Visitor: 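The structure's right below; bear with me while I get my questions together.
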There are 2 protein chains.
Amino acid sequence: MDVPFATVERIAKYLRCLKRIKNKKIKFISSQTLAEHTKVTAEQVRKDLAYFGKFGRTGTGYDVKKLVQKLEKILNPKQNWNACIVGAGALGHALTNYPDFKKAGFNITALFDSDPKKIGNKIGTVKIYDVKKFSVITEKKEIKIAIIATPENAKEEIEQLIAKSKIKGILNFTPATLSIKSRQKITVLDVDLSQKMYILSYLITQKKRRQ
Amino acid sequence: MDVPFATVERIAKYLRCLKRIKNKKIKFISSQTLAEHTKVTAEQVRKDLAYFGKFGRTGTGYDVKKLVQKLEKILNPKQNWNACIVGAGALGHALTNYPDFKKAGFNITALFDSDPKKIGNKIGTVKIYDVKKFSVITEKKEIKIAIIATPENAKEEIEQLIAKSKIKGILNFTPATLSIKSRQKITVLDVDLSQKMYILSYLITQKKRRQ
DNA sequence: CTTTGTGAAAATGTTCACAGCC
DNA sequence: GGCTGTGAACATTTTCACAAAG
């Protein structure tokens, strides 16, 4: 069965929510309650979960702790990914220190930049390497995910470096759409912040609300 | 006619792409070419644009410059929004200097933090204010959009401040789902970076590619 | 009485296919 | 020949509604 992309997105949302609830020592949650927290419908929650199995108990709801485990297994079965950030600017800096990556099982273990003044320095405990050493370092450190946080003009170089490496996934913050040649091998997820601002502007103007 | 949310998202994507193309002095673009750049189908491009009017010319395609103007009018008719960032940490810092916001017509004109050591300082040309002055400052500066880049635990306070202010839209980087009481008035758009990482992890594991 | 899991129905979104225009 | 705009066909996704289970 093919799982809709929207379902995967919501599953991640549910997981986020459940993790917060877990800390509050709530043992069971109904699809209704989870739906209210994540702003979807109860049927939607049940349908989404049904793609992956039967996790609930009739009349009681879902065991929060167990559901968290199940969803983590679905989304991050490896439990631990090494990731790197390309671009040691302000955004790269912020992302290196972003506490939630580690909580979700993603460890930033290397930074890359082309600026000689930055190379060799550290952000927190993470060292900044010369971007030319991308392949060598990422292979040695078994890094499979790259977060691209460089200015747009650096795009070309990065793209070629990544195409030659063993990177499997990219979280891309640069506006330019990456056109990785070996796209069949590499999964790219774009995060376009000015797109978000445009959408926000549109929704405000239309006085609509959505997600 | 009701415009699908997905269409709005894609329109923003097209705009981003067209702006890059405009610089390259390409005068006309076909739905086919625009589709290839943004990884959708040509029919999709045409259908999306059709929600807002007839912008193309048969046999020629779309006048890039004119289409950029049209799409900007749709997404950001105001052309200029004042925005603020709540949280002068690493992420707030990065977003303040994020060059694409200004290009898209969004000016960061204030920062807010609760740390007395930060209050009064500047990031670039933008001053950091005491978060307690949120309503006063945002009203004086006619700020309608707030970008929330605080740690999760600061959520409650911010939420109450915003609910009392004249803010119309929120770009929310905190994991906690905001539950602004007067939600009917305020549009909230969530950017959840660890959700993105989870999705990336899922897609890599499934060896699927999407968007 | 509550709540899940799920077929069936409804709604929504996408692709096809082609008329009409350059 | 090339390309847009658009109804119609198709596909997907969401909601409804209810049987089954605790």
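So you know, we letter chains A, B, ... as the sequences are listed, proteins then strands, and number each from 1. None of these values were measured; they are calculated from a predicted model.
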Visitor: Rounding to a whole Å, what distance do you find between B:K54:NZ and C:dG20:P?
Guide: 13 Å
Visitor: Residues from residues 55-64 of chain B sitting under 4.0 Å of DNA chain D, heavy atoms only?
Guide: B:F55, B:G56, B:R57, B:T58, B:G59, B:T60, B:G61, B:Y62
Visitor: Please report the shortest heavy-atom distance between B:F173 and B:L95, naming the atom on each side.
Guide: CE1-CD1, 3.7 Å
Visitor: Rounded off to whole Å, could you give me the CG-to-P distance for the B:L34 and D:dT4 pair?
Guide: 10 Å
Visitor: Determine yes or no for a side-chain-to-main-chain donor-acceptor pair under 3.5 angstrom, with A:T96 supplying the side chain and A:G92 the backbone.
Guide: yes
Visitor: Taking CG from B:L49 and P from D:dT6, how many angstroms apart are they, rounded to a whole number?
Guide: 11 Å
Visitor: For A:E9, does its backbone N or O pair with a side-chain atom of B:Q195 as donor and acceptor, under 3.5 Å?
Guide: yes
Visitor: Does A:Q44 put a side-chain nitrogen or oxygen below 4.0 Å from OP1 or OP2 of D:dT15?
Guide: yes
Visitor: Whole Å only: how far is the NZ atom of B:K47 from the P atom of D:dA8?
Guide: 11 Å
Visitor: Could you tell me the separation between the CZ atom of B:F5 and the C1' atom of C:dT12, rounded to a whole number of Å?
Guide: 15 Å
Visitor: As a quick check of understanding, evaluate side chain to side chain donor-acceptor pair (under 3.5 Å) for B:S30 and B:Q32, giving each step before the final call.
Guide: CA-CA 5 Å; B:S30 67; B:Q32 182 59 50; over 6 Å; no
Visitor: Rounded to whole angstroms, how far apart are CZ on A:R46 and C1' on D:dA20?
Guide: 13 Å
Visitor: Please check if the number of heavy atoms outside A:E142 that lie under 6.0 Å from its CD is greater than 12.
Guide: no
Visitor: More than 12 heavy atoms of other residues, nucleotides or ligands under 6.0 Å from NZ of B:K78: yes or no?
Guide: yes
Visitor: If the condition is ring-ring contact (aromatic ring centres under 6.0 Å, His included), which residues does B:F134 pass it with, not counting sequence neighbours?
Guide: B:F112
Visitor: Got a sec, which residues hit ring-ring contact (aromatic ring centres under 6.0 Å, His included) with A:Y98, two or more places apart in sequence or on another chain?
Guide: A:F101
Visitor: Categorize A:E43 for me: base, sugar-phosphate, or nothing, with a 4.0 angstrom heavy-atom threshold over every strand shown.
Guide: base
Visitor: Could you identify which residues of residues 65-75 of chain A place a heavy atom less than 4.0 Å from some atom of DNA chain C, listed by residue number, or say none?
Guide: none
Visitor: Please state how far atom OH in A:Y51 lies from atom P in C:dT4, giving the value in whole angstrom units.
Guide: 18 Å
Visitor: Using a heavy-atom cut-off of 4.0 Å across all strands, would you classify A:T7 as base, sugar-phosphate, or nothing?
Guide: nothing
Visitor: At how many degrees, to 10°, do the end axes of the helix from C:dC1-D:dG22 to C:dC22-D:dG1 meet when each uses five pairs?
Guide: 10°
Visitor: Within the pair A:R10 and D:dT14, is there a side-chain N or O less than 4.0 Å away from OP1 or OP2?
Guide: yes
Visitor: Give the rounded distance in Å between these two atoms: CD of B:Q32 and P of D:dT4.
Guide: 9 Å
Visitor: Compare all side-chain heavy atoms of B:I145 with those of A:M197 and state whether any distance is below 4.5 angstrom.
Guide: yes
Visitor: So which nucleotide from C:dT4, C:dG13, D:dG7 ends up closest to the side chain of A:S30?
Guide: C:dT4
Visitor: I'd like a table of donor-acceptor pairs (distance under 3.5 Å, sequence neighbours excluded) in which one partner is a side-chain atom from residues 66-73 of chain B, with atom names and distances.
Guide:
{"unit_1": "B:E72", "atom_1": "OE2", "unit_2": "A:Y198", "atom_2": "OH", "d": "3.4"}
{"unit_1": "B:E72", "atom_1": "OE2", "unit_2": "B:K19", "atom_2": "NZ", "d": "3.0"}

Visitor: Is the shortest distance from a Lys or Arg side-chain nitrogen in A:D63 or A:R57 to a carboxylate oxygen in the other one below 4.0 Å?
Guide: no
Visitor: I'd like to know if B:R16 and B:D100 make a salt bridge, using a cut-off of under 4.0 Å between side-chain N and carboxylate O.
Guide: yes
